[in-house]
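Atoms within each ligand, like the ligands themselves, are counted from 1 in listed order.
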Amino acid sequence: MDLPALPPIDSLRGAFAGRLITDPRDLEPFLVDWRRRYFGRAIAAAIPDTVEGVAAVVRWCAAHRVAVVPQGGNTGMSGAATPDDSGRSVVLSLARLKRVRAIDTVNNSITVEAGCTLAEVRAAAQAAGRLFPLSLPSEGSCTIGGNLSTNAGGVAVLRYGNARELCLGLEVVTADGETWHGLRGLRKDNTGYDLRDLFVGSEGTLGVITAATLKLYPLPAAQVTAMAALDDPHAALRLLEQAQSALGSSLTAFELISDLCLELVAKHFPDHRRPFAQPSPYYVLLETSDSEGETHATAAFEALMERALDTGIVRDAVVATSGAQSRALWALRELISEAQSATGNNIKHDVSVPISSIGDFVERTNAELAQRFPGIRLVVFGHLGDGNLHYNVSPPVDRCGPEHEAEFLALQPAINRVTHDSVHAFGGSISAEHGLGQLRRDESARYKSAIEMALMRRVKQALDPLGIMNPGKVLPPG
Ligand code: FAD
Ligand code: 2HG
Ligand code: ZN
């Protein structure tokens, strides 16, 4: 298709209030993803101050057939917020849309603009005596707009659900620059197709989220954290079953961590040491949120752990007795991504399988990968309570340096194929919470049926007929 010639950038500069970045040095951070895997090009980064400004930028892009690449905190793991290399994109940063518009402690809802960081939303809720439960290791930088656009998961999905389940309403600038005011704070609303749920998880390919109304919960009276050392994911599943029977919905987090994860954290963050004298192949980090207070929560955890020790499910266990101890246990979990990055290049898999299949999935996939790619190291961790593992791969110990990078990354397609075929065989998904972006776009098409792909394309065509919204992400071109 012949595209119209690009107009002078000054015509965009005059179209909205806010910042427009065109200097190549200032643009650089907008053109690369967190993992430094994708590098794109753009005419400019537009950072409007208002919703009207967002709409004006999108209208300018639509008029000139320029791609719009929405960007929040740029912490995404799938290259979804990085423009392609055509040079015909505007990065639309929501970073300056930061108002908390309303908090309603009777309706238990909060309305915030898309550029609020997740940490800011959690703090605003807490200041009003409420909990916004979405919780990710990246919460200091990621934004609510990005969380909803990726349907982020994190460490509290087990109890509260993912970003989609926490969203009541949205305000969206559509691909033709109109604004849909869908900020309804309703728990029940059966009035036709659910537009909100179309935009949630669409990774900026259908429209730009400018604000959201989100669910709040009462603050728990106490939160207690524990860590258990165990042999394998099968044992972790038995512990999960016991924990759910004993604690019910008080169980808010159940995270699996392999020993290599803790080894990498201890190596790159020497202040953070393993909490057990002897290493174990795996650990589980559990958290309970109790309405009856700390003594009750601690006693319940201690009873659970004693039983698990007696029955041989766990080898050892610690229950945190202070906030500082609890934060230290969580830090071990939250630093894994950074520790793995510091170790050199890596291949990431963000998979989900039915929870009961995780033990078999890990066993079989580990064995096949070890046989086909001797020496590779599996950095396995994640949200076991949701059936979601970060089944990541690092190079062999003696091949971590930059001089081995190309050789290791050349294995990525074959390693992905083994891993994702195994996920598929277990009835799972190749993207549980990070989205498809550019990273998993083509592989996803391999595992979806023709009708599913065709329906997705029809939705895209209906909402973005010019194909300007974040092209090249989620759906393969053509
Ligand atoms: P960005 O990276 O800026 O964008 C992500 C996608 O959303 C892109 O497609 C972009 O175009 C689109 N987008 C952004 N804002 C908007 C908007 N307002 N309207 C429309 N589209 C928009 N993810 C998890 O799910 N669980 C985790 O536990 C987790 N832990 C992480 C830990 C670390 C250390 C890091 C670096 C990342 C982690 N992530 C996790 C991934 C990431 O933080 C999430 O995907 C997050 O939701 C992205 O938010 P963001 O604001 O950074 O979005
Ligand atoms: C987490 O759970 C994130 O910490 C990041 O989803 C996972 O680095 C990863 O692969
Ligand atoms: Zn995760």
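- Ranked by closest heavy atom to atom 47 (O) of ligand 1, the top entry among Asn74, Thr117, Thr150 is Thr150.
- Within the 2.8 Å limit, His390 places at least one N, O or S atom next to the Zn ion (ligand 3).
- Taking 4.0 Å as the cut-off, Pro137 counts as a neighbour of ligand 2 on heavy-atom distance.
- Heavy atoms of Cys142 found under 4.0 angstrom from ligand 1 belong to the backbone as well as the side chain.
- Residue, atom and distance of the protein heavy atom nearest to atom 32 (C) of ligand 1 are Pro137 CB, 3.7 Å.
- Contact check for Arg37 versus Gln438: no side-chain heavy atoms found under the 4.5 Å cut-off.
- Neither the backbone nor the side chain of Gln340 has any atom closer than 4.0 Å to an atom of ligand 2 (non-hydrogen atoms only).
- Summary of contacts: the protein heavy atom closest to atom 6 (O) of ligand 2 is His434 NE2, 2.7 Å.
- The proximity of Ile336 to ligand 2, defined as any non-hydrogen pair under 4.0 Å, does not occur for either the backbone or the side chain.
- Contacts between Glu334 and ligand 2, counted as non-hydrogen atom pairs separated by less than 4.0 Å, are absent for every part of the residue.
- Considering backbone and side-chain N/O atoms, Ala152 never comes within less than 3.5 Å of an N/O atom of ligand 1.
- In the vicinity of Arg333, heavy-atom distances shorter than 4.0 Å reach the ligand 2 atoms 1 (C), 2 (O), 4 (O).
- Residue-level proximity to ligand 1 for Asn162 is absent, since no heavy atom of it falls below 4.0 angstrom.
- The closest non-hydrogen atom to atom 29 (C) of ligand 1, taken over Val157, Leu136, Asn470, comes from Leu136.
- The backbone and the side chain of Asn147 each have at least one atom closer than 4.0 Å to an atom of ligand 1 (non-hydrogen atoms only).
- Note: Phe361 and Phe426 have perpendicular aromatic rings, judged against thresholds of 30 and 60 degrees for the angle between ring planes.
- When only interatomic distances are considered, the shortest N/O to N/O separation between Met77 and ligand 1 does not fall below 3.5 Å.
- In this structure, His349 has no heavy atom closer than 4.0 Å to ligand 2.
- Looking at His383, Lys473, His434, Glu338, it is His434 that brings a heavy atom closest to atom 40 (C) of ligand 1.
- A side-chain donor-acceptor contact under 3.5 Å links Arg164 to the backbone of Asp197.
- Between Ala81 and ligand 1, not a single N/O pair is under 3.5 Å apart.
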